[in-house]
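All values below were derived from every heavy atom in this structure, side-chain atoms included, with hydrogens, water molecules and symmetry-related copies excluded. Here is the naming used below: chain letters follow the sequence lines, and residue numbers restart at 1 for every chain.
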Amino acid sequence: MNNAEIAKVFEDIADFLELKGENVFKIRAYQRAARAINHLPKEIEVMVGLGEDLKAIPGVGEAIARKITELLTTGKLEYYEKLRAEFPPGISTLLTIPGIGPKTAMKLSSELGIQTIDELEQAIKDGRVAGLFRMGDKTAENILRQIQMVRHKDMRIPIGEAQPIVDHIIDALKTIPGVKNLTPAGSVRRFKETVGDIDLMGTADDPEAVILALVRLPLVKQVLAQGPTKASVIATNGLQVDLRFVEHDSFGSLLQYFTGSREHNIILRERAVKQGLKLSEYGITDRTIDRLEKFASEEAFYRRLGLQYIPPEIREAMGEIERAEQGTIPELVELSDIRGDLHVHTDWSDGQNTLEEMANAAIKLGYEYLLITDHSAGLVVAHGLDRERLNRQLEEIAALNRRFSGFRLLAGAEVDIRADGRIDAPEDMLSRLDVVVGAVHSSMGQSKERMTRRILGAISNPHIDIIAHPTCRLIGEREPSEVDLEAVFRAAVEHGKALEINAMPSRLDLKDIHAYRARELGVKLVISTDAHQAEHLQLMRFGVGVARRAWCEAEDILNTRPLAEFLSALRR
DNA sequence: GCCGTTTTCGGCCCGACTGTTTTCAGTCG
């Protein structure tokens with residue numbers, strides 16, 4: 001049973017307790033534990049295996065620890081089963097509709113016998129819902145609208161699709177005179193792998209003019225709300241964009257508040273209460289004298305709380321507040337630290353640009369090296385290179401290198417790790433390359449045991465230096481393959497092999513919490529784009545975002561090192 | 001149910017909006 005599944009049980013328990021009208025703090029305790037479990041970089045099964053104390057997880061105490069153990073050992077939880085049996089089966093479905101909370105769900109279920117969204121829709125159209133106590137026509141209409149929203153739209157989109165919209169809007173609005181501080185907040189700023197909406201914040205001499213410019217942008221499909229300091233619009237891809245302006249002197253607290261995460265802010269506010277302070281988007285209030293202090297910058301805001309500045313990417317309630325108290329927040333890796341890209345395709349296999357074009361694009365980014373990793377012959381669909389074509393590519397790389405100074409093309413390959421763990425290229429071919437990347441491209445539905453054995457085989461292969469996209473997931477399209485990552489991480493350390501953080505926004509693999517755990521265990525990491533055309537090299541920032549969310553410093557990432565140092569680190 | 005440089009008992013984050021109400025419950029971020 002994985003962490004997500006365990007967390008789901010506790011989320012459901014919280015929902016059921018809420019339906020029962022239980023103590024709100026008890027409900028909150030279950031929700032808090034569920035969130036903590038979801039964000040845990042380590043699988044709980046692994047923790048139990050290592051004999052670690054589950055009560056070390058923040059929000060998990062005696063009772064929940066016992067319930068987790070019962071879940072893991074027996075596969076189910078009696079407390080949960082009993083609770084679930086108390087309610088009609090459809091009621092959880094009703095709770096998924098925004099605007100319907102526990103009270104409304106219970107009312108709909110007990111008084112109208114509604115179990116499904118279709119039944120709810122029918123009841124609204126019949127006027128039965130509006131007739132309930134403390135419900136009216138407007139409430140019923142709102143629910144109907146939410147049902148339609150839920151039906152024809154996937155709520156979250158990959159950050160790679162949101163970021164270009166953010167860039168476009170900011171570019172268009174920042175030229176307006178008197179505009180300052182225009183920046184995304186929320187999950188975009190924290191570089192989460194998917195985002196549900198875009199929050200933009202700023203300060204301006206004339207906010208209304210900026211808002212007018214926003215609603216007139218071609219990419220705005222619909223205007224939901226438009227006021228003097230705030231606007232909400234729907235972009236052409238269906239994503240909601242909120243833009244909000246405040247006075248310059250309170251920008252810091254506003255940005256902090258809307259950047260989140262929710263969990264981070266809750267802990268921050270709980271801590272502030274103990275100091276006699278109250279936090280809000282407007283600033284910090286000293287409760288004893290009831291005076292509000294405003295903050296122009298986030299740095300000043302955190303400083304007032306006695307905390308070191310915390311980068312947005314790690315504001316996830318993973319212990320960053322304690323570290324900020326001690327002044328030991330790590331200096332996270334930055335895009336400008338990256339000296340080369342290590343996973344790049346050209347028109348020799350399934351890429352679109354020539355070797356020279358890719359090299360020039362890398363030089364333009366200020367890189368010192370670029371590892372060419374066209375597919376090997378096993379991937380016929382990708383026009384993989386056989387011995388003869390690889391020889392010719394090596395000659396061309398050598399010829400190009402004679403023309404460069406301060407930059408080097410490295411010869412490599414992305415070899416396929418076959419279903420049985422063998423590699424689709426002969427050893428004598430691999431030994432002529434500077435660096436070899438291995439990756440799984442087929443039979444991704446194998447059992448956990450087979451997939452793990454397959455990857456461990458590749459890690460122990462002396463010719464392979466880096467394992468690319470270790471879980472093979474495609475966000476929103478393909479689930480990660482089942483693999484014992486803890487075993488993979490330990491093997492990578494043992495054999496001195498590097499694991500990739502794939503920066504392609506549809507992959508981001510390893511993902512944040514997995515990269516976090518890998519770093520903890522001392523795995524060497526690289527960040528690569530898996531570029532199939534020159535423009536893709538610019539996707540590096542998404543991989544850096546993942547690395548920062550994993551608390552990585554520059555020294556944790558091999559391709560922040562100068563060429564000679566990078567090569568010797570790989571060679572052990 | 002969790003948790004503790006004010007506590008092993010008594011607290012537990014903050015503000016806004018909406019719709020239904022004559023003062024507030026429910027929901028959300």
> About how many Å separate NZ of A:Lys278 and CD1 of A:Ile284, when rounded to the nearest 0.5 Å?
Replying inline: 12.0 Å
> What distance, rounded to whole Å, do you find between the two C1' atoms, one in B:dG1 and one in B:dT8?
Replying inline: 14 Å
> Nearest-Å distance, CD (A:Glu62) to P (B:dC3)?
Replying inline: 11 Å
> Can a salt bridge be assigned to the pair A:Lys8 and A:Glu11 using a cut-off of 4.0 Å between side-chain N and carboxylate O?
Replying inline: no
>> Across nucleotides 6-17 of chain B, 5' to 3', mark each nucleotide with B, S or - according to how protein heavy atoms within less than 4.0 Å reach it.
In response: ------BBSSS-
> Just checking, A:Arg28 and A:Phe25: is the charged tip under 6.0 Å from the six-membered ring centre and within 45° of the axis?
Replying inline: no
> Rounded to whole angstroms, how far apart are CG on A:Leu94 and P on B:dT27?
Replying inline: 12 Å
>> Please report the distance separating the C1' of B:dC3 from the corresponding atom of B:dC13, rounded so that it comes out in whole Å.
In response: 16 Å
> For the pair made of CD in A:Gln31 and P in B:dG1, what is the distance, rounded to whole Å?
Replying inline: 14 Å
>> What's A:Lys55 touching, base or sugar-phosphate or nothing? Going by heavy atoms closer than 4.0 Å.
In response: nothing
> In whole angstrom, what separates A:Glu18's CD from B:dG1's P?
Replying inline: 16 Å
> Rounded to whole angstrom units, what separation is found between the CD1 atom of A:Ile100 and the C1' atom of B:dG19?
Replying inline: 15 Å
>> Base, sugar-phosphate or nothing for A:Asp137? Non-hydrogen atoms, less than 4.0 Å.
In response: sugar-phosphate
>> Could you tell me how far apart A:Glu141 (CD) and B:dG19 (P) are, to the nearest whole angstrom?
In response: 9 Å
> Which value, in whole Å, describes the distance between the C1' atoms of nucleotides B:dC9 and B:dC14?
Replying inline: 25 Å
> Considering only the P atoms, how many Å lie between B:dT18 and B:dT23, rounded to the nearest integer?
Replying inline: 22 Å
> So which nucleotide from B:dC2, B:dG26, B:dG19 ends up closest to the side chain of A:Ala63?
Replying inline: B:dC2
>> Check the orientation of A:Tyr309 and A:Tyr302. Use parallel for under 30°, tilted for 30 to 60°, and perpendicular for over 60°.
In response: perpendicular
>> Which residue in the set A:Phe251, A:Tyr282, A:Phe295, A:Tyr257 passes ring pair (Phe, Tyr, Trp, His ring centres under 6.0 Å) when paired with A:Phe301?
In response: A:Phe295
> So A:Phe10 and A:Tyr30, would you call those rings parallel, tilted or perpendicular, with 30° and 60° as cut-offs?
Replying inline: parallel
>> Using the C1' atom as the point on both nucleotides, what is the distance between B:dT7 and B:dC12, in whole Å?
In response: 13 Å
> Expressed in angstrom and rounded to an integer, what is the separation of A:Lys138 atom NZ from B:dA25 atom C1'?
Replying inline: 17 Å
>> Give me the distance, rounded to whole Å, that separates B:dT20 from B:dA25 when you measure between the C1' atoms they each carry.
In response: 9 Å
>> So, OP1 or OP2 of B:dT18: does either fall under 4.0 Å of a side-chain N or O from A:Thr139?
In response: no
> Of the non-hydrogen atoms in A:Ala317 and A:Glu263, which two are nearest, and what is the gap between them?
Replying inline: CB-CB, 3.7 Å
> What's the CD1-P distance between A:Ile143 and B:dG26, to the nearest Å?
Replying inline: 14 Å
> When you match A:Arg134 and A:Arg32 each to their closest nucleotide on DNA chain B, which lands nearer the 5' end?
Replying inline: A:Arg32
> Judged by modelled atom types alone, do A:Gln146 and A:Asn142 share a side-chain donor-acceptor pair under 3.5 Å?
Replying inline: no
> In the strands shown, is B:dT8 matched to any nucleotide by a Watson-Crick or G-U wobble pair with both distances under 3.5 Å, and which?
Replying inline: none
>> If I pick the P atom on B:dA16 and the same atom on B:dT21, what distance separates them, to the nearest angstrom?
In response: 25 Å
